Amino acid sequence: MWTVDLSKVVTAEQKAAEARAALQAQYSAAIQARLDAKARERQYDGIQTAITYREDPNPQFAAEGEALFAWRSAVWTYSTTELVKVLTGERSQPSVDEFIAELPAFQWPPQL
């Protein structure tokens with residue numbers, strides 16, 4: 001007699017949760033790559049390193065670190081809000097490239 005192994009059954013809810021997690025991971029990786037690429041424009045290792053320069057004795061580093069810190073917050077605030085809209089069906093799902101193009105713009109502080 002055939003018996004169903006319930007430990008191997010995948011429910012629709014599980015599939016939906018996996019799809020949401022994959023979607024979030026895909027967009028998050030692209031967003032993080034964008035943040036890191038911007039910081040590398042000024043020779044920082046990435047955004048995490050760059051923001052540690054806030055309040056640095058070097059005024060240029062401090063200004064760049066502060067600007068990147070504020071931008072990172074704006075980017076994640078925007079992206080989190082918009083991805084929730086995608087997941088709830090409130091907006092259609094853009095491509096990753098389209099979504100990255102929507103992110104808040106960044107302006108480097110003036111050279112001191």
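Index from 1, following the sequence. Remember, it's a predicted structure, so these values are computed and weren't measured experimentally.
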Nearest 0.5 Å, please: how far is [atom2] in [Y] from [atom1] in [X]?
{"X": "Phe61", "Y": "Thr52", "atom1": "CZ", "atom2": "OG1", "result": "10.5 Å"}
{"X": "Glu82", "Y": "Leu87", "atom1": "CD", "atom2": "CG", "result": "11.5 Å"}
{"X": "Ser95", "Y": "Ile100", "atom1": "OG", "atom2": "CD1", "result": "9.5 Å"}

**Request:** Take Leu68 and Arg42, measure what side chain to side chain contact (heavy atoms under 4.5 Å, CB included) needs, and give me the verdict at the end.
**Result:** CA-CA 11 Å; Leu68 287 164; Arg42 295 282 171 98; over 6 Å; no
With [X], which residues qualify under side-chain hydrogen bond (donor to acceptor under 3.5 Å, both in side chains), at least two apart?
{"X": "Tyr44", "answer": "Glu64"}
{"X": "Glu102", "answer": "Tyr78, Arg91"}
{"X": "Glu18", "answer": "none"}
{"X": "Asp56", "answer": "none"}

**Request:** Using the ring-ring contact (aromatic ring centres under 6.0 Å, His included) rule, collect all pairs that involve residues 82-107, keeping only residues at least two apart or in two chains.
**Result:** Tyr27-Phe99, Trp71-Phe106, Phe106-Trp108
Looking only at non-hydrogen atoms, find the nearest pair between [X] and [Y] and report the distance.
{"X": "Gln60", "Y": "Asn58", "value": "N-OD1, 2.9 Å"}
{"X": "Thr81", "Y": "Thr77", "value": "OG1-O, 3.0 Å"}
{"X": "Ala74", "Y": "Pro104", "value": "O-CG, 3.8 Å"}

**Request:** State whether the side chain of Arg54 and the backbone N or O of Ala63 hold a donor-acceptor pair below 3.5 Å, judged by distance alone.
**Result:** no
**Request:** Start with the C-alpha distance between Ser79 and Leu103, add both sets of side-chain angles, then the distance that settles side chain to side chain contact (heavy atoms under 4.5 Å, CB included), and finish with yes or no.
**Result:** CA-CA 7 Å; Ser79 61; Leu103 296 176; 4.2 Å; yes
**Message:** side chain to side chain contact (heavy atoms under 4.5 Å, CB included) for Leu23 and Gln93? Distances and angles first, verdict last.
**Reply:** CA-CA 10 Å; Leu23 173 72; Gln93 181 180 336; 3.2 Å; yes
**Item:** Residues in side chain to side chain contact (heavy atoms under 4.5 Å, CB included) contact with Gln32, at least two apart in sequence or another chain
**Value:** Leu35, Asp36, Ile47, Trp76
**Prompt:** Are there more than 12 heavy atoms of other residues, nucleotides or ligands under 6.0 Å from atom CD of Gln14?
**Reply:** yes
**Message:** Pair Arg20, Lys15 - check side chain to side chain contact (heavy atoms under 4.5 Å, CB included), show working.
**Reply:** CA-CA 9 Å; Arg20 282 192 303 274; Lys15 285 183 182 181; over 6 Å; no
**Asked** Just wondering, do Arg72 and Gln48 contact through their side chains at under 4.5 Å, heavy atoms?
**Response** yes
